[in-house]
Amino acid sequence: MNIDWPWPWLPANTDDIAEATGEHLYLALLPVLVGLLVSIPLGWAASRWRVARGILVPLAGVLYTIPSLALITLVPLVLGTQIIDPLNVQVPLAVYTIALLVRSVSDALRAVPSEVTAAATAVGYRPLHRFLTVELPLAVPVIVAGLRVAVVSAMSLTAVGALVGIGGLGQLITEGFLRNNGVELVAAIVLIVVIALIIDALLLLVGRIATPWTRTAKGVNS
Amino acid sequence: MNSAFAWLFDPEHWSGPSGFPARILEHLTYTGIAVLIAAAIAVPLGAVIGHTGKGTFLVAGLSNGLRALPELGLLTLLVLLTWVGLLPLVISLVILAIPPILAGTYSGVRNVDRAAVDAAHGMGMRGPTVLARVELPNALPLIIGGLRAATLQVIATATIAAYVSLGGLGRFVIDGNNAGAGSPDGYPQMAAGAIAVAVLALLMEGLLELVERLVVSPGVRNQSRARRAVRLRRRPTTDLVENPT
Amino acid sequence: MIEFQAVTKQYPDGTVAVDNLDLAVEDGGITVFVGPSGCGKTTSLRMINRMIDPTGGRILLDGKDIRESDPPLLRRGIGYVIQHAGLFPHRTVLDNVATVPLLTGQSRRAARSRAGELLELVGLPAKLAKRYPAQLSGGQQQRVGVARALAADPPVLLMDEPFSAVDPIVRDDLQQQLLRLQSELDKTIVFVTHDIDEAIKLGDRVAVFRVGGRLAQYDDPSALLARPADDFVSSFVGRDRGYRALGFLDAGGVPVGPVATVRAGEQATADQLDDGWAVAVDAENRPLGWVSAELLSTMDGSVNADRLVSGGSLFEVDSSAGTTAGSLRNALDAALSSPSAVGIAIDGDGAVVGGVTADTVLAALADARRAGEVPA
């Protein structure tokens, strides 16, 4: 095949590119946010009850294993959505985020030293207060690590939606492929990668700022 | 939903060059070739980086950077860059399979109990012997974990091969999409293909887990779990988190 | 006062952790729960702040059944210190200590200023306040744990093996500090340990538990050493209990005899030695070590402070009052650990006032026994 490099395409289509980028972000980030909010109570349940863990963790593993194109294709079958509904992409991304984070949240909560939770109970914290002010903050580094993977993956997986007609930067990829337009194709790839890495770096930064205790030098006096 | 299963179990779709058996075989062939090539590159590289501690940045950089790369974009770009046939597909699949295997091998070797490695040196083993006799056997669970993640990633991505006119199970999804929503070969075909891909991925996951159990000595398996827990307690690592596919 | 009334804790699998415990912890003083692992001492402690609820019997705190209190509110009024301190890793040292005052509704400023006072009280420099727990040594973390427990000024302090994860020297330090703090604050402290020496050192009262959650003996430490209730207690109290019991006997009856001294840096002859030995002292008469006749003969007549034989433990007497401050154990140990077999007795300023020998200590013990001061 031949590939063309029509450079003038780029300045002529900045509006379309911006629109596709916005759509891509909406398609990718909303599900990650929803997934985060859902996975915290689920992860807490999995850390607390053996039965919940026995169900949630293997289920998360199975869902995580299903390839994205398959999951995207099967959403209409399960939820009855239209074939080009944005939910067909967003639901799988939320599912992947939850599958990834349930385990992270649960492991992180279980890794909180028992003497710390015991001490918190003993000084008179009520359970919800203790969870929000002691256990959850201590789980933040692990949750942020999982969230970074989820966001970056969501940015690149959203492109797969273009194969079944759902927008975002993935449509520039399929369009560029069909028109042999190398500029359009590469622009879409670069935008996806660069935006994903910027969000990744932002999350890393926010995570660091939010957890000053993880950056302290160990064993100053021991 | 019934129409999807009807399409899936229609005997007509289980024979010939465009039937499920042929597509599954194509899919597994792509996967096998790509994972083998990736392993041939990434296992030795990861072992050397883990053993010497030099080039660690490569492992972290690759796994972070490539996670963001859209597979669809990579594949279509390679196809457009004049290569024809299987080559662009295999290259893009290999590129995707390398990071998890590299990270798994590196972490596996790196996380072998330093006391065991010290003891091996103390007994007079040379570097390569230490790597072969002590580090690699102990690293096996994580190496296999990396291979497993890579295989699943490749199975998922090979679905996209159909978009660039190749075979595999993605064919049904793409052809169904092209046939249009109203057609009897439309969404039912897409859904049938998707179900087949999902089942194949899950079966492969189960199979690889079984292989892992058979190959890895129980002592090492338990140890690696315990170590993983300890590591998590100390600091979270993103190296070993598998990508969704 | 904390009263256990027929308290039992049985787990669903049938294990009895505490079996029909009756025990009253008096206000003030340190009460130690001691026993081997699995004896229910920690379970008993944790029932006081309702970290565990009993399956039978009841526990009264100042006459009120603790089951009538809301657990979080109850716990805010009871200090709790555990092994490894259990500090919150994500909060600074100061904020860890301020935890309970904040929970009870104090302003952040008031809580922090209170926390600052407590850090000083437990002997931590103010510069550590802004650090995170991971930046402290084990001993420092444990001090922060004690400060946190004291922050709301609770009348009762529960301590669950607080010093067992630190090395022996630091542990000794922490124990001394606890005794000092207790003499200032006079809390009601319940202290759990598996270490009988720690129990005897710290406890005003000691409750020995046996496996299966039964109370074996509840007594003051000297009585525990002198009159163990049964074979279990006597074997748990262990070897050397006769020797350790001397620690509770005042050494007032031990005569302090003269001891030969020579001054470091000055001339000395073999005539000044007594039985071949003399204590070398500095200008303030404080002991530096021992000189033997053999050693002196190699010193060109002048006592060289750098070449002394190091001495044994010291036995402190309060010479101004004419009575001894140390115990028979101190006196005997001073004699036994001395190279010359004479234990050095010092006054409150550390100056040498004389010597004691093992014979005189044992004679004093025999006198005390005859006088009925020592239970047979």
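Only this structure's heavy atoms are used, side chains among them; waters, hydrogens and symmetry mates stay out.
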Quick check: closest heavy atoms across [X] and [Y], and the distance to 0.1 Å?
X: C/T99; Y: A/Y125; result: CG2-OH, 3.4 Å
X: C/R75; Y: A/T121; result: CD-O, 2.9 Å
X: A/A119; Y: C/R148; result: CB-NH2, 3.2 Å

Selection from C/R76, C/H90, C/R91 maximising heavy-atom pairs under 4.5 Å formed with chain A: C/H90

Largest heavy-atom contact set with chain A, pairs under 4.5 Å, which of C/D70, C/L87, C/N49: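 Going by pairs under 4.5 Å, I would pick C/D70.
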
Counting only heavy atoms not in [X], do more than 12 sit closer than 6.0 Å to its [atom1] atom?
X: A/L37; atom1: CG; answer: yes
X: A/L205; atom1: CG; answer: yes
X: C/Q176; atom1: CD; answer: yes
X: C/E117; atom1: CD; answer: yes
X: A/Q82; atom1: CD; answer: no

From CZ (A/R126) to CG (C/L103), nearest 0.5 Å: 9.5 Å

Taking side chain as everything from C-beta outward and backbone as N, CA, C, O, which of these in [X] sits under 4.5 Å from a heavy atom of chain A? Side chain, backbone, both or neither.
X: C/L74; answer: neither
X: C/P71; answer: neither
X: C/Q83; answer: backbone

Positions in residues 132-140 of chain A that reach chain C, provided some heavy atom is under 4.5 Å away: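 Against chain C, the residues of residues 132-140 of chain A that fall inside the cut-off (heavy atoms, under 4.5 Å) are A/T133, A/V134, A/P137, A/L138.
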
Validation row: A/E115, C/D160 side chains within 4.5 angstrom (heavy atoms):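 No, too far: nothing below the 4.5 Å cut-off.
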
Working for side chain to side chain contact (heavy atoms under 4.5 Å, CB included), residues C/Y80 and A/V123: CA-CA 7 Å; C/Y80 186 62; A/V123 297; 5.8 Å; no

